[in-house]
Amino acid sequence: MLESLLALGGLVLLRDSVEWEGRSLLKALVKKSALCGEQVHVLGCEVSEEEFREGFDSSINSRLVYHDLFRDPLSWSKPGKALPGGPLEALRALDKKTSSGPATIALDSLSWLLHHLPCPTLCQTLHALSRQDSCPGDSPPGEQVRVLGLLHEELHGPGPLGALSSLAQTEVTLSGTMGQASAHILYRRPRQHPTHQTQWFSILPDFSLELQVEPPLESQPRSDPHTPSVDPTTHLTFNLHLSKKEREVKDSLTLPFQFSLEKQQALLRPGLSQATSHIFYEPDAYDDLDQEDPDDDLDV
Amino acid sequence: MAAAGTCGTGTRSTGSVVAAASTNNVTSFQRRGPRASGADSGCSRLVSIAGTRPSVRNGQLLVSTGLPALDQLLGGGLAVGTVLLIEEDKYNIYSPLLFKYFLAEGIVSGHALLVASAKEDPADILQKLPAPLIDDSYKKECDEDVCSHKTESDIKMKIAWRYQLLPKMEAGPVSSSRFGHYYDISKRIPQELIETSKWHGFFLPEKISSTFNAEPCSLTSGYMKLLQFIQNIIYEEGFDGSNPQKKQKNILRIGIQNLGSPLWGDDICCTENSDTSHSLTKFLYILRGLLRSSLSACIITMPTHLIQNKAVIARVTNLSDTVVGLESFIGSEKETNPLYKDYHGLIHIRQIPRLNNLIYDISDVKDLAFKLKKKLFTIEARIWSGLSFPPSGDPLNPGIEPPSPATPILQVDSSTTEPSATAFASRLVRHCEPLKQTGSGRIRQAAGPRLWHDGRRQEAPGLLVTPP
């Protein structure tokens with residue numbers, strides 16, 4: 001599952017909630033891309049660096065480049081040492097740093113950034129980050145920059161959520177039942193139909209992913225007992241069914257105004273019907289049966 | 001209104017009545033000389049612009065939208081000087097197709113193009129345009145599809161025998177190369193066609209400065225720059241008649257993609273009450289002013305499903321001339337509905353302009369669906385018999401939605417008897433109200449040539465209303 005999430009490139013949006021947290025999935029993705037040998041940049045805003053690095057072994061930790069916004073977000077301590085300019089500058093700096101080679105940027109979290117930056121600016125910066133300068137059609141997907149963003153669904157209204165979803169190439173919504181987490185993944189490949197997938201998984205302590213099977217739905221009681229269906233045509237006084245013979249006769253019936261082949265032939269067939277037609281005329285007292293043509297004596 | 005036939009309405013003013021003592025004794029009215037400015041629409045000298053034709057109904061100069069079926073629905077084409085707004089579908093799969101058809105039609109007809117986008121580089125957009133189809137290959141495509149559909153439709157149409165005789169919507173390929181072409185989506189446009197065409201691109205991330213400064217101006221800076229760009233192009237290239245030395249008049253086709261999305265710097269999709277909520281409406285207003293005074297036509301795609309404030313959508317609709325909405329079935333429950341299994345989505349014609357006219361130019365058919373075949377994008381009227389479920393999707397309750405009060409007026413077209421005076425008077429100065437899908441189970445003919453007066457049994461609206 002992790003490979004498919006990372007394969008598409010662009011913005012990968014992880015939507016989590018209080019019950020089903022997504023930071024462990026984010027860390028699993030970070031670990032996966034670090035193991036593939038890519039550059040990984042992490043912009044940490046919500047948790048401290050030690051907490052983020054916890055659980056990774058030293059090889060992965062050495063590949064992680066951590067940009068810390070948690071400790072001093074407003075740059076009160078020595079200016080120039082921490083990231084100047086706030087979160088926006090930090091994002092733009094990331095854009096410049098990842099211009100060479102495939103890289104992964106993990107944003108932990110997008111919710112924090114949404115609270116500190118106006119939404120259109122954030123969307124524009126994310127688009128610039130995930131786009132890079134190269135044309136996405138030319139370079140193979142492995143060369144692209146992918147941006148993993150963690151978004152807490154409950155903190156935002158439908159507006160920013162919709163805006164970020166429309167930007168994202170892959171959207172993962174975390175949910176689950178009975179202690180088992182599931183991810184509903186929506187892939188939006190360019191110029192293709194979006195595809196859905198639901199995966200049940202669990203994250204192990206060393207941040208590798210284990211797929212699970214879907215838990216059986218025993219706990220949900222059936223709402224209605226299955227009533228035997230009643231056939232309404234059993235006690236009628238008329239017959240609604242057609243036997244096979246009747247159906248054949250019905251299908252072969254020509255409708256009265258349908259201009260079928262037989263009717264066409266009947267019209268085209270010359271002369272046969274004319275012999276059988278008669279005109280019956282009974283003159284009454286006032287009729288003039290003069291056979292002469294009254295126009296004969298006209299002078300024209 | 002002076003009856004002027006195909007020559008522009010209103011350009012021949014009543015001042016042409018000159019009671020001069022003339023030598024010939026037939027009439028004392030003298031015809032004024034032809035006007036010098038090129039701003040007439042529909043007069044014979046303007047037909048010489050490639051890719052345009054005058055409308056047979058109101059004399060407007062029309063350009064093709066790239067899809068002949070859509071042209072038919074819009075009354076022949078898109079009028080020069082107007083805006084076509086496409087409301088995007090949820091996953092933005094089909095609206096770029098309409099956008100590309102419009103641009104490809106411009107290239108094939110030799111018009112100038114202006115492509116503006118905040119998401120994709122305009123050069124990339126132009127590379128992905130579909131290739132034009134030559135006539136006989138389109139005929140082969142059509143025949144293949146007709147054969148596969150024939151057997152199914154025969155069974156259904158046995159009782160409704162009359163409707164087999166009605167002509168279908170899709171006109172055959174236009175044999176003359178002047179108006180309306182067909183395109184093959186699976187192929188790219190040949191490179192030499194792009195190189196010989198004249199196009200201008202506006203890509204927002206390049207134009208906008210890198211420093212983030214919150215300017216408190218009324219228009220978002222992205223929109224302001226785009227308007228300036230369009231104005232410059234119109235002025236420099238002479239589309240508004242400002243360079244009279246230019247002999248050959250041409251049309252400028254403007255395409256703006258994803259207007260209103262956050263990538264343009266507009267937060268109308270993010271919040272419900274934003275400070276810059278008038279930015280988009282002002283942009284559309286100014287854009288329409290630019291278009292009306294120049295020989296240009298514009299297509300805009302807008303993600304209206306993301307706009308949080310519904311009042312803004314209504315304002316945007318009023319500020320555009322023609323509005324077409326796309327609704328795709330992906331991800332919705334309609335995807336599995338057997339009624340819709342042949343189609344990929346619905347097309348809603350939300351608004352049609354009333355240009356130089358007293359009545360609207362709407363088609364008979366309101367239930368339209370589209371289908372994306374392997375190579376073509378087709379629009380069809382949804383024909384379904386009244387025996388199956390109504391399109392509201394509720395099989396247990398085949399209730400009929402009562403038509404809204406607006407529909408009696410919309411049923412009026414030029415060939416029926418006169419409408420009620422009150423309804424007519426109220427519509428004199430406004431645009432057409434949004435068309436509602438009544439879904440009353442009528443079997444409808446597509447907007448073909450109006451030959452079958454007996455087939456178009458227009459039931460009086462209100463007959464099918466269930467009593468409250």
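Here is how names work: the chains are called A, B, and so on, in the same order as the sequence lines, proteins then strands, and each is numbered from 1.
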Quiz item: Out of A/S165, A/S111, A/P160, which residue meets the side-chain contact (heavy atoms from CB on, under 4.5 Å) rule with A/L151?
Solution: A/S111
Quiz prompt | Donor-acceptor pair between B/T301 and B/E88 side chains, under 3.5 angstrom | solution = yes
Self-check item: Heavy-atom side-chain proximity of A/L43 to A/L69 below 4.5 angstrom
Solution: yes
Exercise. Please flag which part of B/L97 lies under 4.5 Å from any non-hydrogen atom of chain A: side chain, backbone, both or neither.
Key: neither
Exercise. Under 4.5 Å heavy-atom distance to chain B, tell me which part of A/L164 shows up: side chain, backbone, both or neither.
Key: neither
Practice problem: Pick one of side chain, backbone, both or neither for B/A123, based on which atoms fall under 4.5 Å of a heavy atom in chain A. | Solution: neither
Practice problem: Verify the ring-centre separation between B/F377 and B/F370: is it less than 6.0 angstrom? | Solution: yes
Exercise. Could you tell me which portion of B/K128 (side chain, backbone, both or neither) has an atom closer than 4.5 angstrom to a non-hydrogen atom of chain A?
Key: side chain
Self-check item: Segment of B/I93 engaging chain A (4.5 angstrom heavy-atom cut-off)
Solution: side chain
Practice problem: Assign the ring pair B/H344 / A/H193 to parallel, tilted or perpendicular, where the plane angle (0 to 90°) is split at 30° and 60°. | Solution: perpendicular
Quiz item: Which answer fits A/L126, side chain, backbone, both or neither, if we ask what part of it has an atom under 4.5 Å from a heavy atom of chain B?
Solution: neither
Exercise. Counting only heavy atoms closer than 4.5 Å, note whether B/D266 contacts chain A via side chain, backbone, both or neither.
Key: backbone
Practice problem: Anything under 30° is parallel, anything over 60° is perpendicular, the rest tilted; go ahead and classify A/H196 against B/Y91. | Solution: perpendicular
